[in-house]
Chemist: 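Next up is a structure, given as structure tokens.
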Amino acid sequence: MRTFRIKSLLYLTISLVFLILSGAQNSFSQDLPEIQYDEKWNQKIQQIAPSQTRFPYSAKKKILVFSLHTGFEHWVIPHTEEMIKILGEKSGAFEVTGSKDIELFELENLKEFDAIVLNNTCSKPDHRNLFWDQLSFESDEDSVILMKKALQLEKNLIDYVKSGGGLMVLHGGITTQNKSQAFSDLVGGSFDYHPPQQSINVQVEDSTHPLTQAFSSGSFVHVDEPYFYMNAYEKMDFRPLLYFNNQEIKNQRKGKEMSSGKTYAAWIRSEGKGKVFYAAPSHNAQSFENPELLQFFLDGLQYIVGDVACDDSPIQEN
């Protein structure tokens with residue numbers, strides 16, 4: 001009987017510890033369940049997506065949604081690609097092609113598109129170079145040759161934007177070339193880290209800006225990874241659209257805690273003759289069930305193809 005009581009007490013103690021630890025984890029991590037990518041989900045997004053553009057356009061533009069990842073795989077990748085396709089088809093403004101083929105980053109292939117969307121194109125942590133990752137996976141050539149090729153593909157993308165092409169970078173797409181200062185300058189920043197998923201109160205930076213008109217209340221709340229940035233982000237060489245208050249973000253990295261100020265979650269910038277739009281939302285397909293966010297993405301697509309005349313000057317100039 002005494003042995004039984006000891007075992008029972010031990011079991012209860014272990015269970016209590018487990019519950020405490022689980023509760024501590026759940027107190028700051030709100031990972032949402034994966035939603036199955038299927039026709040039912042597609043129809044839901046189709047119904048709530050905007051039926052027309054908010055800005056006039058003269059001709060249907062060609063969009064490439066590039067969804068290759070070599071590093072972390074976001075489960076939302078197929079949902080994000082489909083969301084862009086739905087926005088293009090329902091509005092009638094875009095012809096959208098999805099691909100994972102890096103050959104499309106040859107200059108002659110890039111010219112076939114009016115804009116590129118980098119859909120959670122996360123690279124491996126070692127080089128943080130998506131092109132290198134894929135080239136080294138596909139070929140046994142000398143690493144020096146492959147790296148030269150990888151750098152050329154990156155340059156092709158940068159030159160494409162400077163020459164008038166559009167670029168939309170969504171969520172983890174900012175890590176595509178995360179150790180490249182040139183790519184960081186193009187996008188407006190590099191990924192630093194993110195705390196665990198949590199409820200984020202996303203605020204509109206300027207309610208008068210044409211690209212924030214989608215949000216009727218000036219804010220929205222969703223569960224996501226709050227991204228923090230480095231490198232070119234420190235220059236603030238962009239026009240911010242959305243932000244969150246740093247003091248509201250829980251479990252920031254030790255030694256990097258920010259108890260004041262704001263971190264931007266979406267911005268735009270011009271690069272030569274081209275346009276760049278970055279948006280951190282979202283790690284979760286649940287976010288796309290917000291019709292205002294869908295309108296925001298549609299407006300962003302119109303911006304990068306040149307349909308929207310708006311202030312995209314860097315905030316450090318103002």
Side-chain angles (χ1 to χ4, degrees), residues 64 66-72 74 102 105 107 110 115-135 147-195 205 225-244 246 252-253 256 258 261-281 283 300 303-304 312-317:
L64 169 65
F66 189 66
S67 301
L68 175 70
H69 73 280
T70 55
F72 183 83
H74 286 82
I102 63 171
F105 286 85
L107 273 178
L110 285 172
I116 311 297
V117 177
L118 296 181
N119 170 23
N120 287 289
T121 44
C122 293
S123 55
K124 293 182 180 179
D126 49 358
H127 288 88
R128 279 301 194 190
N129 185 318
L130 184 83
F131 298 125
W132 157 262
D133 293 343
Q134 189 63 16
L135 287 168
M147 182 55 76
K148 183 178 179 180
K149 177 66 174 177
L151 294 175
Q152 183 61 54
L153 293 178
E154 178 189 298
K155 184 176 184 300
N156 290 349
L157 176 60
I158 295 173
D159 290 345
Y160 163 80
V161 177
K162 287 182 177 179
S163 298
L167 179 65
M168 175 178 281
V169 182
L170 297 179
H171 196 56
I174 199 169
T175 74
T176 304
Q177 305 290 101
N178 211 52
K179 290 185 179 180
S180 166
Q181 186 61 48
F183 183 79
S184 186
D185 289 337
L186 174 70
V187 176
S190 303
F191 173 75
D192 186 6
Y193 83 101
H194 68 75
E205 172 72 8
E225 301 164 329
Y227 272 21
F228 289 96
Y229 310 95
M230 59 182 182
N231 295 337
Y233 180 84
E234 298 172 0
K235 302 177 183 179
M236 296 290 169
D237 186 20
F238 51 70
R239 170 65 44 180
L241 301 176
L242 303 174
Y243 72 92
F244 57 74
N246 293 325
Q252 297 182 41
R253 179 174 288 175
K256 288 194 171 185
M258 291 188 287
K262 61 178 69 170
T263 292
Y264 296 112
W267 59 76
I268 54 174
R269 64 181 309 274
S270 59
E271 181 68 29
K273 297 179 180 180
K275 304 292 185 181
V276 179
F277 175 102
Y278 172 72
H283 182 92
Y303 167 76
I304 61 174
D312 55 14
S313 62
I315 53 176
Q316 89 266 6
E317 293 182 1

Chemist: If I compare all heavy atoms of Ala232 with all of Asp185, which pair ends up nearest, and what's the gap?
Modeler: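 Minimum heavy-atom contact is CB-OD1, 3.4 Å.
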Chemist: How long is the gap from OG1 on Thr175 to CZ on Phe183, to the nearest 0.5 Å?
Modeler: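 Rounded to the nearest 0.5 Å, the OG1-CZ separation comes out at 8.0 Å.
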Chemist: With sequence neighbours left out, write down each residue that passes side-chain contact (heavy atoms from CB on, under 4.5 Å) with Asn231, or none if nothing qualifies.
Modeler: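 With neighbours one apart ignored, the set is Gln181, Ser184, Ser190.
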Chemist: So, using ring pair (Phe, Tyr, Trp, His ring centres under 6.0 Å) as the criterion, who are the partners of Phe105 when residues are at least two apart?
Modeler: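 Here the qualifying residues are Phe66, Phe131.
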Chemist: Hey, does Tyr233 have a side-chain heavy atom less than 4.5 Å from the side chain of Trp267?
Modeler: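 Yes, at least one pair of side-chain atoms sits under 4.5 Å.
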Chemist: Write down the atom of Asp237, the atom of Pro314, and the distance for their closest heavy-atom approach.
Modeler: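 Reported closest heavy-atom pair: OD1-CG, 3.0 Å.
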Chemist: Parallel, tilted or perpendicular: which describes the rings of Phe228 and Phe244, with under 30° parallel and over 60° perpendicular?
Modeler: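 Perpendicular.
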Chemist: State which residues pass side-chain contact (heavy atoms from CB on, under 4.5 Å) with Lys179; sequence neighbours excluded, sorted by chain then number.
Modeler: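 If we apply the side-chain contact (heavy atoms from CB on, under 4.5 Å) test to Lys179, skipping adjacent residues, the hits are Arg128.
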Chemist: Hey, are the side chains of Val117 and Leu64 touching, using non-hydrogen atoms and a 4.5 Å cut-off?
Modeler: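 Side-chain contact under 4.5 Å: no.
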Chemist: Can you check whether Ile268 reaches Leu241 side chain to side chain, under 4.5 Å on heavy atoms?
Modeler: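 When only atoms from C-beta onward are counted, Leu241 and Ile268 do touch, with a gap below 4.5 Å.
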Chemist: Are Leu167 and Leu186 side-chain neighbours, meaning at least one heavy-atom pair lies under 4.5 Å?
Modeler: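 Yes, their side chains come closer than 4.5 Å.
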Chemist: His283: which residues meet the side-chain contact (heavy atoms from CB on, under 4.5 Å) condition with it, sequence neighbours left out?
Modeler: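 So His283 forms a side-chain contact (heavy atoms from CB on, under 4.5 Å) with Phe72, His74, Trp75, His171, Gln197, Asp224, Glu225.
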Chemist: Apply salt bridge (charged side-chain N to carboxylate O under 4.0 Å, His left out) to Lys148 and list each qualifying residue two or more places apart in sequence or on a separate chain.
Modeler: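 Residues passing salt bridge (charged side-chain N to carboxylate O under 4.0 Å, His left out) with Lys148: none at all.
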Chemist: Are Gln252 and Tyr193 close enough, and set up right, to give a side-chain contact (heavy atoms from CB on, under 4.5 Å), and what steps lead you there?
Modeler: CA-CA 9 Å; Gln252 297 182 41; Tyr193 83 101; 3.4 Å; yes
Chemist: How would you list, by chain and number, every residue that makes a ring pair (Phe, Tyr, Trp, His ring centres under 6.0 Å) with His69, sequence neighbours excluded?
Modeler: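 For His69 there are no ring pair (Phe, Tyr, Trp, His ring centres under 6.0 Å) partners, ignoring immediate neighbours.
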Chemist: Quick one: CD on Gln177 to CG on Asn129, what's the gap to the nearest 0.5 Å?
Modeler: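 Going from the CD atom of Gln177 to the CG atom of Asn129 covers 4.0 Å.
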Chemist: With sequence neighbours left out, what residues match Glu154 under salt bridge (charged side-chain N to carboxylate O under 4.0 Å, His left out)?
Modeler: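 Salt bridge (charged side-chain N to carboxylate O under 4.0 Å, His left out) list for Glu154, sorted by chain: empty.
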Chemist: Hey, does Leu153 have a side-chain heavy atom less than 4.5 Å from the side chain of Leu130?
Modeler: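 Answer no - side chains too far apart.
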Chemist: Could you check whether any side-chain heavy atom of Asp192 comes within less than 4.5 Å of a side-chain heavy atom of Arg253, counting everything from C-beta outward?
Modeler: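 Yes; the side chains approach each other to less than 4.5 Å.
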Chemist: Flag the pair Ile174 / Thr176 as yes when at least one side-chain heavy-atom distance between them is below 4.5 Å, and no otherwise.
Modeler: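 No, every pair of side-chain atoms sits at 4.5 Å or beyond.
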Chemist: Got a sec, which residues hit side-chain contact (heavy atoms from CB on, under 4.5 Å) with Ala280, two or more places apart in sequence or on another chain?
Modeler: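 Scan of Ala280 (side-chain contact (heavy atoms from CB on, under 4.5 Å), adjacent residues dropped) gives Tyr229, Ala265, Tyr278.
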Chemist: Could you measure the distance from the CE atom of Met236 to the CD1 atom of Ile315? Nearest 0.5 Å is fine.
Modeler: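 The CD1 atom of Ile315 is 5.0 Å from CE of Met236, to the nearest 0.5 Å.
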Chemist: Residues in salt bridge (charged side-chain N to carboxylate O under 4.0 Å, His left out) with Lys149, at least two apart?
Modeler: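 Partners of Lys149 by the salt bridge (charged side-chain N to carboxylate O under 4.0 Å, His left out) criterion, ordered by chain and then number, come out as Glu106.
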Chemist: How long is the span from the OG atom in Ser67 to the CG atom in Asn120, to the nearest 0.5 Å?
Modeler: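 Reported to 0.5 Å precision, the distance equals 8.0 Å.
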Chemist: Ignoring hydrogens, what is the shortest heavy-atom contact between Cys122 and Gly172? Give both atom names and the distance.
Modeler: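 Taking Cys122 first and Gly172 second, the nearest heavy atoms are SG-O, 3.6 Å.
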Chemist: Enumerate the residue pairs fulfilling side-chain hydrogen bond (donor to acceptor under 3.5 Å, both in side chains) with a member in residues 158-167, sequence neighbours excluded, ordered by first and then second residue.
Modeler: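 For residues 158-167, and leaving out neighbouring residues, the side-chain hydrogen bond (donor to acceptor under 3.5 Å, both in side chains) pairs sorted by first residue read Lys155-Asp159.
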Chemist: Can you list the residues that meet the side chain to side chain donor-acceptor pair (under 3.5 Å) rule with Asp133, with sequence neighbours excluded?
Modeler: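 Partners of Asp133 by the side chain to side chain donor-acceptor pair (under 3.5 Å) criterion, ordered by chain and then number, come out as Thr70.
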Chemist: Nearest 0.5 Å please: distance from the NZ atom of Lys275 over to the OH atom of Tyr303.
Modeler: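 Going from NZ on Lys275 over to OH on Tyr303, the span is 4.5 Å.
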Chemist: Quick one: CG on Leu170 to CG on Asn119, what's the gap to the nearest 0.5 Å?
Modeler: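 Interatomic distance, Leu170 CG to Asn119 CG, rounded to 0.5 Å: 6.5 Å.
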Chemist: Holding to salt bridge (charged side-chain N to carboxylate O under 4.0 Å, His left out), I want the full list of residues that pass it with Lys262, two or more places apart in sequence or in another chain.
Modeler: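 Partners of Lys262 by the salt bridge (charged side-chain N to carboxylate O under 4.0 Å, His left out) criterion, ordered by chain and then number, come out as Glu205.
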Chemist: Glu271 versus Arg269: any side-chain heavy-atom pair under 4.5 Å?
Modeler: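 Yes, at least one pair of side-chain atoms sits under 4.5 Å.
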